[in-house]
Structures are given as structure tokens and as C-alpha cells.
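In what follows, every heavy atom counts, from backbone to side chain, and hydrogens, waters and symmetry copies are set aside. Here the structure is a predicted model, which means the values were calculated and not measured.
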2 protein chains.
Amino acid sequence: MKAVVTVASDGRKSVAEPCLEPCPIERGMRVLGGKWKGSILWHLKDGPVRFNDLTRQLGGASKKMVNQRLKELEAAGLVERRVLSTRPIAVEYAITSFGRSALAVLDQLREWSETQGI
Amino acid sequence: MKAVVTVASDGRKSVAEPCLEPCPIERGMRVLGGKWKGSILWHLKDGPVRFNDLTRQLGGASKKMVNQRLKELEAAGLVERRVLSTRPIAVEYAITSFGRSALAVLDQLREWSETQGI
DNA sequence: CAGAATCCAACCGGATACTG
DNA sequence: CAGTATCCGGTTGGATTCTG
């Protein structure tokens, strides 16, 4: 079994062991599912967003929460973290091309939710 | 705020408060996302499946787990529970037309997972 | 601004044993 | 067969405070 070690933008390594679920639905859910992850990705589709802006746009998610999910998304390669050299520091998060490939799925989920009145 | 009270097949009431998230992605995820929920739905697409069969097919999910998720899916109207009058008792779970409407989303998730090698 | 650190209650989910 | 009951360690996530 080969673990996937990812080096995040802050230099720390995270060990994301590959999801061994036989069901592709389940594997996909582990990446896109869960609280906030899909929404975060969705909110980045029109361009990079700053950390605090993102937190506010999600309305109801704590900073801690958003930060955790962002790290997971970054480790999975769906999102990119960029530090802007300003004072005070600004950080923006951008969706990667891989992340963008997931938007089709999310868009259908959005459509489903809306047409079904969820 | 109006809570949605559902009466399950065992007669017990469950109070599923409506998801108030402004983001449709998030609302959809609360219904389809989370561990095993998508997979369960997916495994019912070709016809009703018995409880123990389902548990085995998911491989790795405990009975307790599957049962909980099934109750949630039933409360949300995606799945129907049918008791077959046999000895010993048999129970099968079938996907509803509403549940079937979600299969398109799940199928795209499956395709995404597979093409992206997830 | 963008987090990190800490505390803590609530929930989750596995294991096991039991039931009609 | 299809659950329920109980125990229990681990994780989650909110609130709050602190920092470069």
C-alpha cells in the first residue's frame, strides 16, 4: 500500500492515504462530499477568493472549519493557496484545473437541489 | 421555521428540520453526501435489495451504519422500506422515483471519479 | 488579515452481544 | 433475517483567545 504524501504550501507534509473503497461513488464523495467542501469549490469558480471573504460567503462556517477544508482540498490538488505579499498578509485561494473538472458534478448537484426544491 | 415530520415505516416519527443553507450545493450534499449515502442509493438502482445483501455489497459498512443511513434516506423520501411477510422476516429497500432523480448526479460523480483516477 | 492554540461538549462509528 | 442495545474511544466542530 502506497501512501500519498503531499507537501502543502506551508511546507508541512500531509499523508493522505488513498481511498480504497471499491465503489467510485464512495471514493468521489470522500473528496467532494462532507460539510462545506463542495460549496467552497463552487465559490471559487469565478476566480480566486480571499480567506475571510470565503468564510463570510459561506455564512455559518467557522474560520477553523473553512481552513481545515481548504487544506484538504489543497492536499487533494483541487485548490491552490497563494500568499500575496502585502501588509497585512493576504491569502487567496484559487481553483485548479483539476478542481475545475469537478465543477460539472457540483453544477448538476446544484440543479438537482433546485429543481427538487431541496 | 417549519420542521418536517416524517413517519417511517416502523411508525416512528423523525423530525428532519429543513436545511436552511443558502447554497444549493450544500443543501444537496446534506441529502446525498456523507459516508455511504450515495453508495447505498447507487446499489439500489437495479432493483430492491435486502438489508443484509446491501450491507455485504457495501463491504466495510457495519449494519448499524447502513441502518442509520437507510433511515435517513427513507425519511428524506429517497428510499422505500418494504417488509416481506416471510419466515424469518425479510426486508427489502427500494429506490423511489425521487431517489431515482438523484442517480444522474451520482452517475456523474462516478464518472468523474473514474476518469480522474480517484 | 489569516490563521494557530486551546478547551470542551456532542456526535460518530466500530465491536459485541442480544432479540423477535 | 433484520435489526436493537450498550459500551466506548476517537473525532468533530463551535467558541474563544492569541499572534505575526
Approximate separation, where rounding is to 0.5 Å, of B:Leu32 CG and A:Met29 CE: 5.5 Å
Basic-acidic side-chain contact under 4.0 Å: A:Arg82, A:Glu92: yes
So does B:Arg50 get a side-chain nitrogen or oxygen closer than 4.0 Å to the phosphate oxygens (OP1/OP2) of D:dA2? yes
When you check the phosphate oxygens OP1 and OP2 of C:dA2, does a side-chain N or O of A:Asn67 lie under 4.0 Å from one of them? no
May I ask you to say whether A:Glu72 pairs ionically with A:Arg69, meaning some side-chain N is under 4.0 Å from a carboxylate O? yes
To the nearest angstrom, the CZ-P distance between B:Phe51 and D:dG3 comes to 5 Å
With a cut-off of less than 4.0 Å, is there a side-chain N or O of B:Lys71 near OP1 or OP2 of D:dT4? yes
Classify the ring geometry between B:Trp112 and A:Phe98 as parallel (under 30°), tilted (30 to 60°) or perpendicular (over 60°). parallel
Is the distance from OP1 or OP2 of C:dG3 to the nearest side-chain N or O of A:Tyr93 less than 4.0 Å? yes
Mind running side-chain contact (heavy atoms from CB on, under 4.5 Å) on B:Ile118 and B:Gln116 for me, showing each step along the way? CA-CA 6 Å; B:Ile118 292 184; B:Gln116 300 294 333; 4.1 Å; yes
Base, sugar-phosphate, or nothing for A:Arg87, non-hydrogen atoms under 4.0 angstrom? nothing
Any chance you could measure A:Ile25, atom CD1, to B:Glu111, atom CD, to the nearest 0.5 Å? 11.0 Å
Expected string for nucleotides 10-20 of chain C under the B/S/- scheme (protein heavy atoms, under 4.0 Å, primed atoms plus P, OP1, OP2 as sugar-phosphate) is ---BBB-----
I need the CG-P distance between B:Leu70 and D:dT4, as an integer number of Å. 11 Å
Separation of D:dG14 atom P from A:Leu58 atom CG, nearest Å, is 12 Å
Measuring from atom CG of A:Leu58 to atom NZ of A:Lys63, what distance do you get when rounded to the nearest 0.5 angstrom? 14.0 Å
Return the value, rounded to whole Å, for the distance between atom CG of A:Leu84 and atom P of C:dA2. 8 Å
How long is the line joining CG of A:Asp53 and C1' of C:dA2, in whole Å? 12 Å
Lys/Arg cation over aromatic B:Trp36: A:Arg30, 6.0 Å, 45° cone: yes
How sharply is the helix from C:dC1-D:dG20 to C:dG20-D:dC1 bent, taking the axes over five pairs at either end and rounding to 10 degrees? 50°
Within this structure, what is the NZ-CG distance for the pair A:Lys45 and A:Leu106, rounded to the nearest 0.5 Å? 11.0 Å
Does B:Arg81 place a side-chain N or O at less than 4.0 Å from the phosphate oxygens OP1/OP2 of D:dG3? yes
